[in-house]
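In what follows, a single structure is set out as structure tokens and then discussed.
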Amino acid sequence: MAFTAKDVQALREKTGCGMMDCKKALTEANGDMEKAVELLREKGLAAAAKKSGRIAAEGVVLAVVDEAKKVGAVIEVNSETDFVGKNASFVSFVEDCAKTVIDENPADVEALSECKLAGGKDTVAEALREKILTIGENIKIRRFARYEGELISYVHGGGTIGVLVRFNTTPEIAAKPEFKVMAKDVAMQIAALNPAYLNKEAVPADVLEKEKEILMAQISNDEKLKNKPAQVIAKMVEGKIGKYYKENCLVDQAFVKDGNISVAKYIADTAAALGGDISVAEYVRFEKGEGLEKRVDNFADEVASMVK
């Protein structure tokens with residue numbers, strides 16, 4: 001079956017592959033478009049396999065809420081370079097992945113890979129392989145979280161940090177503009193100050209014990225403090241633990257926009273003004289590339305390899 005230059009162009013548009021690759025694939029497939037797509041995808045698998053060892057610590061974090069369904073998701077998808085993280089096609093893929101998480105409620109990244117991508121015909125894994133083939137970088141879906149209920153999402157720095165917060169309140173209060181303003185402020189607080197815990201109760205006992213051990217060691221190493229009476233030392237440790245809560249627990253933190261009140265007081269004031277109850281049930285904060293090894297490029301080596 002013969003094929004024309006128009007067929008090559010059509011295949012190129014469909015797959016994002018180079019002109020010569022498309023021509024070879026159509027030749028190999030005897031002009032059968034679907035077979036050519038399949039062949040390119042098979043080659044893409046090989047390309048993706050080669051790329052899968054490369055460090056992907058850039059990319060984007062997205063947080064979205066489907067207001068109608070009252071379901072939200074925050075997701076991190078990594079690429080090798082920051083340049084790809086800003087690519088419209090890549091960002092669109094991440095948005096579709098977030099929609100898939102909202103619609104399908106997969107248990108983990110592996111289960112998400114097997115879901116059909118929102119708005120597409122392929123599975124998430126297949127669409128991911130297409131992206132790797134087209135973009136030419138290793139791309140990884142790293143993690144996601146999904147909440148249901150009264151939610152707010154916030155994305156900072158064009159996808160550097162994504163926050164999703166679930167509140168305990170009534171749908172009537174959650175629909176009010178004043179609630180939305182307060183909720184967004186709380187999400188921004190989480191993005192800015194990265195509180196490790198929601199409240200005092202959420203701090204694990206072993207973490208608290210370790211903190212007390214460190215404080216006791218600091219006191220015993222201080223010539224002025226170590227000989228103080230036991231009850232005085234106990235009071236000092238108590239005071240410092242209070243400070244630990246104020247730094248590490250969201251509701252105890254000083255509110256960023258008004259340092260005279262805590263986040264808990266800001267939420268309580270909003271609740272009183274709206275005539276109901278509001279509290280933070282849970283939250284999740286993803287920061288792009290946190291805990292991942294970063295790629296270090298040696299420009300001289302790169303140029304040398306290109307010259308070769």
Trace of the salt bridge (Lys or Arg N to Asp or Glu O under 4.0 Å) decision for E290 with R143: CA-CA 12 Å; E290 63 191 336; R143 54 185 173 163; 2.8 Å; yes
Check whether any side-chain N or O of [X] sits under 3.5 Å from a backbone N or O of [Y] as a donor-acceptor pair, and report yes or no.
{"X": "T100", "Y": "L117", "value": "no"}
{"X": "T27", "Y": "K23", "value": "yes"}
{"X": "R142", "Y": "E76", "value": "no"}
{"X": "T169", "Y": "D277", "value": "yes"}
{"X": "T134", "Y": "K131", "value": "no"}
{"X": "R146", "Y": "A73", "value": "no"}
{"X": "N78", "Y": "E58", "value": "yes"}

Quick one, [X] and [Y] - any side-chain contact, counting heavy atoms below 4.5 Å?
{"X": "Y154", "Y": "V165", "result": "no"}
{"X": "P229", "Y": "I233", "result": "no"}
{"X": "D206", "Y": "K210", "result": "no"}
{"X": "L133", "Y": "E130", "result": "yes"}
{"X": "T123", "Y": "E114", "result": "no"}
{"X": "M216", "Y": "V237", "result": "yes"}
{"X": "M188", "Y": "V256", "result": "no"}
{"X": "V124", "Y": "I141", "result": "yes"}

Is the number of heavy atoms from other residues, nucleotides or ligands under 6.0 Å of [X] [atom1] greater than 12?
{"X": "M33", "atom1": "CE", "result": "yes"}
{"X": "K69", "atom1": "NZ", "result": "yes"}
{"X": "K24", "atom1": "NZ", "result": "no"}
{"X": "N194", "atom1": "CG", "result": "yes"}
{"X": "E110", "atom1": "CD", "result": "no"}
{"X": "K235", "atom1": "NZ", "result": "no"}

From [atom1] ([X]) to [atom2] ([Y]), nearest 0.5 Å:
{"X": "I135", "Y": "E80", "atom1": "CD1", "atom2": "CD", "answer": "11.0 Å"}
{"X": "M182", "Y": "K180", "atom1": "CE", "atom2": "NZ", "answer": "10.0 Å"}
{"X": "F90", "Y": "T81", "atom1": "CZ", "atom2": "OG1", "answer": "9.0 Å"}
{"X": "Y266", "Y": "T270", "atom1": "OH", "atom2": "OG1", "answer": "5.0 Å"}
{"X": "M236", "Y": "Q231", "atom1": "CE", "atom2": "CD", "answer": "12.5 Å"}
{"X": "E211", "Y": "L215", "atom1": "CD", "atom2": "CG", "answer": "5.5 Å"}

Please tell me whether [X] and [Y] are part of a single hydrophobic cluster in this structure, the criterion being side-chain heavy atoms less than 4.5 Å apart.
{"X": "V263", "Y": "L193", "value": "no"}
{"X": "V101", "Y": "V77", "value": "yes"}
{"X": "L62", "Y": "I161", "value": "no"}
{"X": "I214", "Y": "L225", "value": "no"}
{"X": "V60", "Y": "V163", "value": "no"}

side-chain contact (heavy atoms from CB on, under 4.5 Å) between L151 and F167, worked out: CA-CA 6 Å; L151 309 170; F167 290 87; over 6 Å; no
Using distance only, find each side-chain donor-acceptor pair of residues 240-254 under 3.5 Å and give its atom names and separation, not counting sequence neighbours.
{"from": "N248", "atom 1": "ND2", "to": "Y244", "atom 2": "O", "distance (Å)": "2.9"}
{"from": "Q253", "atom 1": "OE1", "to": "Q189", "atom 2": "NE2", "distance (Å)": "3.1"}
{"from": "Q253", "atom 1": "NE2", "to": "E247", "atom 2": "O", "distance (Å)": "3.1"}

Derivation and outcome, salt bridge (Lys or Arg N to Asp or Glu O under 4.0 Å), residues D122 and K116: CA-CA 6 Å; D122 293 337; K116 197 167 144 188; over 6 Å; no
By side-chain contact (heavy atoms from CB on, under 4.5 Å) - contacts of [X] (at least two apart):
{"X": "D269", "value": "K265"}
{"X": "N260", "value": "D258"}
{"X": "E238", "value": "none"}
{"X": "S153", "value": "A63, V65, L164"}

Step-by-step salt bridge (Lys or Arg N to Asp or Glu O under 4.0 Å) determination, K288 to D82: CA-CA 11 Å; K288 180 182 77 179; D82 188 38; 3.5 Å; yes
What's the shortest heavy-atom distance between [X] and [Y], and which atoms?
{"X": "A187", "Y": "I152", "result": "CB-CG2, 4.1 Å"}
{"X": "D32", "Y": "E34", "result": "OD1-N, 3.1 Å"}
{"X": "L112", "Y": "C97", "result": "CD1-O, 4.3 Å"}
{"X": "F93", "Y": "A127", "result": "CE1-CB, 3.9 Å"}
{"X": "A98", "Y": "V64", "result": "CB-CG2, 3.7 Å"}
{"X": "F179", "Y": "I173", "result": "CB-O, 3.2 Å"}

Pair up each side-chain donor or acceptor in residues 2-9 with any protein partner under 3.5 Å, not counting sequence neighbours, and list the distances.
{"from": "T4", "atom 1": "OG1", "to": "K6", "atom 2": "N", "distance (Å)": "3.3"}
{"from": "T4", "atom 1": "OG1", "to": "D7", "atom 2": "N", "distance (Å)": "3.3"}
{"from": "T4", "atom 1": "OG1", "to": "D7", "atom 2": "OD2", "distance (Å)": "3.4"}
{"from": "D7", "atom 1": "OD2", "to": "T4", "atom 2": "N", "distance (Å)": "2.9"}
{"from": "Q9", "atom 1": "NE2", "to": "E13", "atom 2": "OE2", "distance (Å)": "3.2"}

Stepwise side-chain contact (heavy atoms from CB on, under 4.5 Å) check, V61 with V155: CA-CA 8 Å; V61 176; V155 177; over 6 Å; no
Stepwise side-chain contact (heavy atoms from CB on, under 4.5 Å) test for K226 and N221: CA-CA 7 Å; K226 65 179 184 184; N221 288 331; over 6 Å; no
Centroid separation Y283 to Y147 less than 6.0 Å: no
Step-by-step side-chain hydrogen bond (donor to acceptor under 3.5 Å, both in side chains) determination, E287 to T160: CA-CA 6 Å; E287 188 164 340; T160 309; over 6 Å; no
Worked verdict on V186 versus I267 for side-chain contact (heavy atoms from CB on, under 4.5 Å): CA-CA 8 Å; V186 170; I267 295 169; 4.1 Å; yes
